[in-house]
Amino acid sequence: MSGKREDYISWDEYFMGVAYLSALRSKDPNTQVGACIVSDDNKILSMGYNGFPRGCSDDEFPWGKEHEQDDPYQAKYFYATHSELNAILNYRGGSLEGSKLYVTLFPCNECAKAIIQSGIRTLIYGEDKYGDTAAVRASKRMLNAAGVRYYQYTKTGRKLQIIV
Ligand SMILES: O=c1[nH]c(=O)n([C@H]2C[C@H](O)[C@@H](COP(=O)(O)O)O2)cc1CO
Ligand SMILES: [Zn+2]
């Protein structure tokens, strides 16, 4: 046996896999989102998932949805930091100019602003379950205008198993 191993995972499977792995850290009972930022030469720069800011307890702040509670103060949306924003803010190494973002859910308009302004140039997303909302349509409008390239990750169907 002198040749290389052939069934190694691709770069896209690797980085999207890291994004999905990050999502598993989310405490959101409804939607778990993970993100992974990668340099143009395929080095992982940062990761994130949706959650409350530091100091805002997962056990004290609300995880419910606004329309269920009928009071935005008692719902998660005022407090949850989106996975993409967390990944951007978690990066302390300098510039993200020219980097790629792998994210399990298409970014909202607020994250699109942060993506554009931080210099991320390529976006690879998993699902687009809120694609028909105004927030995601506005997001695409800004990403298009700013020339951020985006495409949906095509699942290879490979099942990865890690025993931890
Ligand atoms: O881009 C996103 N990134 C992200 O992390 N999120 C988070 C915020 C919330 O915790 C959750 C959305 O909750 P829900 O699907 O129950 O409305 O996902 C939501 C979006 C919306 O597109
Ligand atoms: Zn967002």
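No hydrogens, no waters, no symmetry mates; every other heavy atom, side chains included, goes into these values. One-based numbering, in listed order, for ligands and for the atoms of each.
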So which bit of Lys76 gets within less than 4.0 Å of ligand 1, heavy atoms only: side chain, backbone, both or neither?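 It is the side chain that gets close, since no backbone atom is under 4.0 Å.
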
For Trp63, is at least one N or O under 3.5 Å away from an N or O on ligand 1?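 There is no such contact.
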
Would a single hydrophobic cluster contain both Val148 and Ile37, if residues Ile, Leu, Val, Met, Phe, Trp and Tyr are joined by side-chain heavy-atom contacts under 4.5 Å? yes

Under a 4.0 angstrom heavy-atom cut-off, which atoms of ligand 1 come close to [X]?
| X | result |
| --- | --- |
| Asn30 | 14 (P), 15 (O), 16 (O) |
| Glu84 | 1 (O), 2 (C), 3 (N), 4 (C), 5 (O) |
| Phe106 | 1 (O), 22 (O) |
| Tyr130 | 14 (P), 15 (O), 17 (O) |

Would you check, one step at a time, whether the test ring-ring contact (aromatic ring centres under 6.0 Å, His included) holds for Phe52 with Trp63? CA-CA 10 Å; Phe52 298 144; Trp63 279 114; 4.0 Å; yes

Side-chain donor-acceptor pair present, Asn42, Lys100, cut-off under 3.5 Å: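 There is such a pair between these side chains.
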
Indicate yes or no: at least one non-hydrogen side-chain atom of [X] is less than 4.5 angstrom from one of [Y].
| X | Y | result |
| --- | --- | --- |
| Ile88 | Ile120 | yes |
| Lys76 | Lys65 | yes |
| Ser26 | Val33 | no |
| Lys113 | Ile116 | no |
| Asn50 | Thr81 | no |

Which residue and non-hydrogen atom of the protein lie closest to [atom], and at what distance in Å?
| atom | answer |
| --- | --- |
| atom 12 (C) of ligand 1 | Thr31 CB, 3.7 Å |
| atom 10 (O) of ligand 1 | Asp28 OD2, 2.6 Å |
| atom 5 (O) of ligand 1 | Ser83 N, 3.0 Å |
| atom 18 (O) of ligand 1 | Asn50 ND2, 3.4 Å |

With the threshold set at under 4.0 angstrom, would you say Tyr77 reaches ligand 1 through any of its heavy atoms?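 For ligand 1, residue contact (heavy atoms, under 4.0 Å) with Tyr77 is present.
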
Contact between Pro107 and ligand 1, counting heavy atoms under 4.0 Å? yes

At the Zn ion (ligand 2): angle between Cys108 atom SG and His82 atom ND1, to 10 degrees: 110°

Kindly state whether the ring of Phe106 and the ring of Tyr150 have centres lying under 6.0 angstrom apart.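 Between Tyr150 and Phe106, which both carry aromatic rings, the centre distance is below 6.0 Å.
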
